[in-house]
Amino acid sequence: LHLFPQYTRDDVKKHKSPSDRIWVTYAGEVFDITDFVDLHPGGNRILLAAGGALEPFWALYGVHKSEHVIELLQEYKVGVLSPDDKEPPRDLSDPYSGDPSRHPVLKINSQKPFNAEPPPEMLTENFITPNVLFFKRNHLPVPNINPDKYELVVERPPGAKWAKPLKLSLKDLKTKFPRHEVTVTLQCAGNRRSEMNAIKPVKGLDWGAAAISTAHWGGVWLRDVLSDAGYSEDLPNVRHVQFEGLDQDITGTKYGASISFKRAMSKDCEVLLAYEMNGEELPKDHGFPLRVIVPGVVGARNVKWLGRIIVSEEESSSHWQQNDYKGFSPSVDWDTVDFSTSPAIQDLPVQSAITEPRPGATITPDHDGKVTIKGYAWSGGGREIVRVDVSLDGGKTWKVADLTGEETKGPTWAWKLWKLEATIPDEQKELTIICKAVDSSYNVQPDTVAPIWNLRGVLNNAWHHISVTVDK
Ligand code: HEM
Ligand code: MTE
Ligand code: MO
C-alpha cells in the first residue's frame, strides 16, 4: 500500500509554473501535471488551473466527465489534501462576509467590493458567456435578499388616484406579466481602462479588455410593469425612470441610476426586469432576485438587486448618475472638472478588442504557417456590427475577419465574435495586431487612445493594438 503525503491548499498554490512544478487538486487528491501539460488535448488552457482545483474548470468543459480522463489523471498523483485544511470561518463583522464565492479563474481588480473579469481567451470561446465567467462589477457589498420576502416597489404617477405604491412580489412578477427573453451584451464604461491609464494615470479600477459579457436574460418588460402602475407613454412632466438598488454603504446610501422615460416605455428598446440569466435564476453577483437590463446602454444603468422604481422629472440624484460615468475632454483634470457640464453616459460607442493571442504572448503558427486571431466587437444603441478589420502589420494593410453572432429582426443588442486565420510571412518575428470595428451606422473607432483620454478612464474604444512574438 502506497501512503501519499498530505498537502494543504497553500502548499498546492506554490506550484504554478514549470520551474516550481505544476500541481492541481481533484476530489481531495493532489497531482503534479507538469509532464502532461504539453500532451493536453485542450492546449495550454490547462495552465489556468495551476495551483488550484480542477472542479471549477471541468464544470465548464464537459469533455472531462469521463472515466478515461480520471484514469489518466491518476498517473500524476503525488499526494492527498490534508483533511484539516478547512476554509477559515467568515468574519461576520465584515460587510462583505455575505458575498458569494466566485470562479477562481477570474482576474480580480478589487476584492471588496468585488470586481473581476474573465481571461480574454475564455471570454470568446462562447457567444454566450457562462454565468460564472461573466464580468462582475459591484460598488458595494452584495445584499442578502430573501426571495420569499422580496418586494419590488413602484412609485405611482404624480397626482394618481392610487395613494400607495405598487408592490410586486417575485411570484407576482413571474405570474402577472408575460415572460420575455433578450440576448444582451453588457459592458462597463471602464472596459479597457488600463490602456488609458498607461498613457496618463486615471482614477478607477484597472480593467483589461474583458469588462464585457453576453447573456440571455429572462424576465418581464419594464413597460408592462410601469403600465400596471398606471403610467402611459403620453404622461406629461415625466422624463426619467430611476432605479434604486438594495445594496448600500454603511451610511445607508444605495446604488442608483436612471434612464429616460421614453426608453423605458418604448417597445423597441426592450428594457427588461430580469429574474433569469442564461436559463438559471439570477446569480447573487448579478442582482438576485431582480435587476434591470437596458439593452445597448452602459453597464452602470443596469441596476442590480432592484428595490424601487421612481418615475420623475429629474434624473437619479445618485453619485453614479451625477458625478461618475460621464465623459470629458482630455484637457479636463480633477481641479477643473465640473460634472454638471457633461451628460450621463447612456448608449455606448462602437467597440472591439483582440482576446487571443494575449499581448506579449509567443505564438506558434500551425504547419500551414497560419495563426488564429480572435476577439469581440459590439456597439451600443442597438447598432449591429457589420465588419471587423484586422491588421497584422501595425495598420498598413487590413483583412476582414469572419463574424459570428445571433440573427435579430429588430435592433441588435449582442456582440459579434470575430476570427481571422492569418498567414504569417516567413521573415516576421514581431507582430503588431490591430482590430477595429464598423457598426450599422458606419460609426468607426478612433485610432489612438490619447485624444479620447479622460480623467475617469471611461469610454476607451480606440483601435485595440497588441504585440506578439512569432516562434518558428
Ligand atoms: C480536452 C485531460 C485540465 C480544457 C481534454 C481531453 C483530455 C483532457 C483527456 C480530451 C477529452 C476527449 O476528447 O475525450 C485533462 C486533464 C486535465 C485537464 C488530465 C488536468 C490535469 C483542463 C483544464 C482546462 C481544460 C484546467 C481548461 C481550463 C480542455 C478543453 C478540451 C480538453 C477546452 C477540449 C479540447 C478539444 O476538444 O479540442 N482534456 N484536461 N482541460 N480540455 Fe482538458
Ligand atoms: N447595480 C447595483 N445595484 N450596484 C452596482 O454596484 N454596478 C453597475 C451595474 N449595476 C452596480 C449595479 C455597473 S457599473 C455595471 S458595469 C453593471 O452593473 C455590471 O453588471 P454585472 O456585475 O452583472 O456584470
Ligand atoms: Mo460599470
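All values below were derived from every heavy atom in this structure, side-chain atoms included, with hydrogens, water molecules and symmetry-related copies excluded. If you're wondering where the values come from, they're calculated on a predicted model, not measured in any experiment. In listed order, ligands and their atoms are each counted from 1.
Heavy-atom separations between Tyr325 and ligand 2 include at least one value shorter than 4.0 Å. Judged by the shortest distance from any of its heavy atoms, Glu125 lies outside the 4.0 Å radius around the atoms of ligand 1.
At the shortest separation from atom 38 (O) of ligand 1 among protein heavy atoms lies Pro41 O, 4.3 Å. Of the protein's non-hydrogen atoms, Gly42 CA, 3.6 Å is the one closest to atom 35 (C) of ligand 1.
Remark: ligand 2 and Asn302 share an N or O pair separated by less than 3.5 Å (distance only, no angle test). Residue Phe134 places no N or O, backbone or side chain, under 3.5 Å from any N or O of ligand 2. At under 3.5 Å, a nitrogen or oxygen of Lys304, whether backbone or side chain, sits near a nitrogen or oxygen of ligand 2. Between Gln187 and ligand 2, no N or O atom pair is found at a separation short of 3.5 Å. Where the criterion is an N or O separation shorter than 3.5 Å, residue side chain and backbone included, Arg291 meets it with respect to ligand 2.
Within a 4.0 Å radius of atom 22 (C) of ligand 1, the protein contributes one or more non-hydrogen atoms.
No close placement of the Trp221 and Phe177 rings is indicated, their centers lying 6.0 Å or farther apart.
The name of the N, O or S atom in His40 nearest to atom 43 (Fe) of ligand 1 is NE2.
For ligand 1, the atoms closer than 4.0 angstrom to any heavy atom of His68 are 14 (O). Of all the atoms in ligand 1, the ones that sit under 4.0 Å from a non-hydrogen atom of Leu73 are 21 (C).
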